[in-house]
**Student:** 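Take a look at the following structure, please.
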Amino acid sequence: MSANFTRKSESGPPASALSPVEVEAIDLFVQFSRALGQPRSYAEIYGLLFVSHEPLPMDALIERLNLSKGSASQGLKYLEDLGAVRTVYLAGERRTHYEAVAELRNLAGRFLSQQILTHFKDSSSRLDRLAMQAQKLSTDQRKHVNARVKLLRSWERNGRRVVPFVLKMLGAGT
């Protein structure tokens, strides 16, 4: 279990302790986020919302996870843009509340579209620039770099073909 979830809030009283179930869920998503190279705080927010039986406002996330307001705000915005969390209206509440979206196809589809396909958009022009810069190298270096550029172009072509296929299999639109 992660010890950092029971530390005291810097502004005074101890943060609300997380239950063992919450800690385990958060740790699970933190492990996923490491594999995907995403910030830990995003996973902590998603993990707590995922296991929570009711929507939570940002201030509760800040207190329960001992996050800064900026970190919580940035994480919620990222997760909303990704389609991993949504805002929920609660009658009589002025604060915005959030809940996790638990639909894998939408999450995976948006992640692939936003994090993978967007990187392909400018890769062709970057590879062109790389090949152009390689012309200034010695013959041996140029041959090596040109072979690598050729390999990268192959990866790009395959990626452009595979990602839409995976999206289609997931039933997620781009």
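Everything numeric in this text was worked out from a predicted model, so none of it was measured. Numbering of residues begins at 1 and proceeds along the displayed sequence.
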**Student:** Answer yes if V85 and V88 sit in the same cluster of Ile, Leu, Val, Met, Phe, Trp and Tyr residues linked by side chain heavy atoms under 4.5 Å apart, and no otherwise.
**Tutor:** no
**Student:** Identify the heavy atoms of A17 and R64 that sit nearest to each other, and give their distance.
**Tutor:**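 Looking at all heavy atoms of both residues, the closest pair is O-NH2, 3.4 Å.
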**Student:** Any heavy-atom pair between the side chains of R40 and R34 that's under 4.5 Å?
**Tutor:**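 With C-beta onward as the side chain, the pair touches.
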**Student:** Ignoring hydrogens and angles, tell me if any N or O in the side chain of S33 forms a donor-acceptor pair with the backbone of V30 under 3.5 Å.
**Tutor:** yes
**Student:** Can you tell me how far apart CG (L49) and CD (E54) are? Round to the nearest 0.5 Å.
**Tutor:** 11.0 Å
**Student:** State, to 0.1 Å, how close A72 and I62 come at their nearest heavy-atom pair, and which atoms those are.
**Tutor:** CB-CG1, 3.5 Å
**Student:** Using the side chain to side chain contact (heavy atoms under 4.5 Å, CB included) rule, take S125 and R129 through it: C-alpha gap first, then chi angles, then the decisive distance, then the call.
**Tutor:** CA-CA 6 Å; S125 61; R129 288 192 304 269; 3.7 Å; yes
**Student:** What's the shortest heavy-atom distance between Y46 and A100, and which atoms?
**Tutor:** CE1-CB, 3.7 Å
**Student:** Taking all atoms of both residues into account, what is the closest heavy-atom pair of E99 and P55, and its distance?
**Tutor:**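 Result for this residue pair: OE1-CG, 4.2 Å.
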**Student:** Return the CG to CD1 distance between L56 and I45, rounded to the nearest 0.5 Å.
**Tutor:** 11.0 Å
**Student:** Group every Ile, Leu, Val, Met, Phe, Trp and Tyr by side-chain heavy-atom contacts under 4.5 Å, then state whether M58 and L90 land in the same group.
**Tutor:** no
**Student:** I'd like to know whether OH of Y42 has more than 12 heavy-atom contacts from other residues, nucleotides or ligands below 6.0 angstrom.
**Tutor:** yes
**Student:** Any chance you could measure I26, atom CD1, to L18, atom CG, to the nearest 0.5 Å?
**Tutor:** 4.5 Å
**Student:** For the hydrophobic clusters of this structure (ILVMFWY residues joined by side-chain heavy atoms under 4.5 Å, transitively), does one cluster hold both M132 and L137?
**Tutor:**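 No, because M132 and L137 fall into different hydrophobic clusters, even though each may have its own neighbours under 4.5 Å.
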**Student:** Fit a plane to each ring of F32 and F29, take the angle between them on a 0 to 90° scale, and name the class: parallel (under 30°), tilted (30 to 60°) or perpendicular (over 60°).
**Tutor:** perpendicular
**Student:** In Å and rounded to the nearest 0.5 Å, what is the CG to CD distance from D27 to E44?
**Tutor:** 8.5 Å
**Student:** Which distance, rounded to the nearest 0.5 Å, do you find between the OG1 of T96 and the CG of L76?
**Tutor:**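 Interatomic distance, T96 OG1 to L76 CG, rounded to 0.5 Å: 9.5 Å.
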**Student:** Is it the case that atom CD in E156 sees more than 12 heavy atoms from other parts of the structure closer than 6.0 Å?
**Tutor:** yes
**Student:** Let me confirm one number: the CD-OG1 distance from Q141 to T139, rounded to the nearest 0.5 Å.
**Tutor:** 9.5 Å
**Student:** Would L61 and L28 show up in the same hydrophobic cluster when neighbours are defined by side-chain heavy atoms closer than 4.5 Å?
**Tutor:** yes
**Student:** Are R157 and S154 close enough, and set up right, to give a side chain to side chain contact (heavy atoms under 4.5 Å, CB included), and what steps lead you there?
**Tutor:** CA-CA 5 Å; R157 275 191 310 276; S154 171; 3.7 Å; yes
**Student:** So which residues get pulled into V51's cluster when ILVMFWY side chains under 4.5 Å apart are joined, directly or through others?
**Tutor:**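 Grouped by the 4.5 Å side-chain rule, V21 form the rest of the cluster around V51.
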**Student:** At their closest point, which heavy atom of R86 faces which heavy atom of V101, and how far apart are they?
**Tutor:** NH1-CG2, 3.6 Å
**Student:** Given Q135 and N146, is the side chain to side chain contact (heavy atoms under 4.5 Å, CB included) satisfied, shown in steps?
**Tutor:** CA-CA 9 Å; Q135 298 308 312; N146 284 336; 3.9 Å; yes
**Student:** Set out, in order, the CA-CA distance, both residues' side-chain angles and the distance that settles side chain to side chain contact (heavy atoms under 4.5 Å, CB included) for S124 and R153, then state yes or no.
**Tutor:** CA-CA 8 Å; S124 183; R153 288 190 194 280; 4.2 Å; yes
